[in-house]
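In what follows, a structure is listed as structure tokens, so that the remarks can point back to it.
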Amino acid sequence: MLCVHPVELIMLTTTVSSRLRSVCRLQRIQGHMMSSQVEPGVLLEKVGSAGVITINRPKVLNALNLPMIRQIYPQLKKWENDNETDIVIVRGAGGKAFCAGGDIRAVTEAGKVGDPLAEDFFREEYILNNAIGTCRKPYIALIEGITMGGGVGLSVHGRFRVATEKTLFAMPETAIGLFPDVGGGHFLPRLRGKLGLFLALTGFRLKGRDVQRAGVATHFVDLLHRRVPCCLLFQTLSRMSPTSLKITYKQLKAGATMSLQDVLVMEYRLSQACMRGCDFYEGVRAVLVDKDQNPKWKPSTLEEVSEQAVEQCFSSLGDKDLTF
């Protein structure tokens, strides 16, 4: 007869209960994604010779999920090879956001229980980012409103990005234990000076014309004159995941000399490293779920994040590496 110590039984029960809660939350999220087909997440239409993509989830600031990616990618490839389509335009519905990012909550719940969504979302999102970056037709992103994370991936690799006074741009991933992905390692180090590194590490928000001046939007590029006090900068960095900060620094340093495809391969490796770690789940909890803004990072300081641990995040995934 197998004897189990009461403490071990309690720990086992707690672990199983936690996993069951994650599974149930994931099922609810996936069920909602399926039931929302009455209001399609993406609208695809031809207007004259233009192919128009409308991100259509205004109630959640047009957050990007896997079904939407699977709609956009084949249509983009079809229009690219269609002689009657001259340009592709992408825009967001609702006026508040172009796209505020990926559906991080669904990915978080999937990662907790080992659901394939945690791999599939990043893999297929990066493949779409590459398709935008290599699209032979003029690709025009109307980035009005909030444009962050996955929304940046839907826009910044295209030929034209049109910002307005309502545009709010940021790559805030280090605040949730991630890194600026969707090709951030390619476009950020190519901004003037060290602006890209500053935006990547701090998640600093650019608004309106500053998005154009910074070179994120395709208008006249001027130097960004806004100054941030050093004390405020230190406070901002102290709130970020130390692991994410070190990963991001190495990511941008390497990405400065890499092609977009090579950067996306690197970032897929990093995304899966974050799925295996704990800071991403803790960051999402603190910022998006409980909203206490008080994440408990592990390790908690930059000094505790070893170079070996960072290097492992960049290691090949073998036959699971991203391919195009």
Problem - Atom pair CG/CE of D279 and M240 - distance to nearest 0.5 Å - result: 13.0 Å
Problem - Side-chain donor or acceptor of T85 paired with backbone N/O of A50 under 3.5 Å - result: no
Exercise for the section: Determine yes or no for a side-chain-to-main-chain donor-acceptor pair under 3.5 angstrom, with R161 supplying the side chain and V216 the backbone. Expected result: yes
Problem - N129 side chain vs G153 backbone, donor-acceptor pair below 3.5 Å - result: yes
Exercise for the section: Take E165 and K207 through the salt bridge (charged side-chain N to carboxylate O under 4.0 Å, His left out) test and state the conclusion after the steps. Expected result: CA-CA 7 Å; E165 289 305 311; K207 299 178 182 179; over 6 Å; no
Exercise for the section: Indicate the atoms forming the closest heavy-atom contact of L128 with Y73, along with that distance. Expected result: CD1-CA, 3.9 Å
Problem - Linked, directly or transitively: V289 and L61 (ILVMFWY side chains, under 4.5 Å) - result: no
Exercise for the section: Classify the ring geometry between F198 and F204 as parallel (under 30°), tilted (30 to 60°) or perpendicular (over 60°). Expected result: tilted
Problem - Donor-acceptor under 3.5 Å (R239 side chain, N294 main chain) - result: no
Practice task
Quick one: list whatever passes side-chain hydrogen bond (donor to acceptor under 3.5 Å, both in side chains) with Y126, sequence neighbours left out.
Solution key: D181
Completion exercise
CD1 of I143 to NZ of K166, rounded to nearest 0.5 Å, is 14.5 Å
Practice task
Please answer: with hydrophobic residues joined when any side-chain heavy atoms are less than 4.5 Å apart, are M171 and V287 in the same cluster?
Solution key: yes
Practice task
Measure from the side-chain N and O atoms of E144 to the backbone N and O of A97, and report whether any donor-acceptor pair falls under 3.5 Å.
Solution key: no
Handout entry: F314 atom CZ: more than 12 heavy-atom contacts under 6.0 Å
Key = yes
Problem - Short side-chain to backbone donor-acceptor contact, D321 and S316, under 3.5 Å - result: no
Problem - Distance in Å, T174 OG1 paired with L237 CG, rounded so as to fall on 0.5 Å steps - result: 8.0 Å
Practice task
Quick one: do K137 and E80 satisfy salt bridge (charged side-chain N to carboxylate O under 4.0 Å, His left out)? Show the steps, please.
Solution key: CA-CA 6 Å; K137 300 287 176 71; E80 183 179 17; over 6 Å; no
Practice task
Indicate yes or no: does D210 engage R213 in a salt bridge with an N to O separation below 4.0 Å.
Solution key: yes
Problem - CD (E84) with more than 12 external heavy atoms under 6.0 Å - result: no
Exercise for the section: Could you pull out the closest heavy-atom pair between L201 and L245, with the gap in Å? Expected result: O-CD2, 3.4 Å
Problem - T248 vs Q251 side-chain heavy atoms within contact, under 4.5 Å - result: yes
Problem - Carboxylate-amine/guanidinium proximity below 4.0 Å for E39 and R57 - result: no
Problem - Verdict with reasoning, E311 to K250, per salt bridge (charged side-chain N to carboxylate O under 4.0 Å, His left out) - result: CA-CA 9 Å; E311 285 291 339; K250 183 176 177 64; 3.0 Å; yes
Handout entry: Distance-only donor-acceptor check, side chains T301 and E304, under 3.5 Å
Key = yes
Completion exercise
dist L252:CG -> L191:CG (nearest 0.5 Å) comes out at 9.0 Å
Problem - Pair E307 + K246, salt bridge at N-O below 4.0 Å - result: yes
Practice task
Could you tell me whether K296 and E282 have a side-chain N and a carboxylate O separated by less than 4.0 Å?
Solution key: no
Practice task
Could you tell me the separation between the OG1 atom of T243 and the CG atom of L178, rounded to the nearest 0.5 Å?
Solution key: 12.0 Å
Handout entry: Any donor-acceptor pair under 3.5 Å from T218 side chain to F160 backbone
Key = no
Handout entry: Hphob cluster co-occupancy, L317 + L264, side-chain heavy atoms under 4.5 angstrom
Key = yes
Practice task
Look at atom NZ of K253 and say whether more than 12 heavy atoms of other residues, nucleotides or ligands are closer to it than 6.0 Å.
Solution key: no
Handout entry: Donor on one side chain, acceptor on other, R91 and T54, under 3.5 Å
Key = yes
Handout entry: Within 6.0 Å of CD in E45, more than 12 heavy atoms from elsewhere
Key = yes
Practice task
Would you indicate whether the side-chain heavy atoms of L168 and M148 approach each other to under 4.5 Å?
Solution key: yes
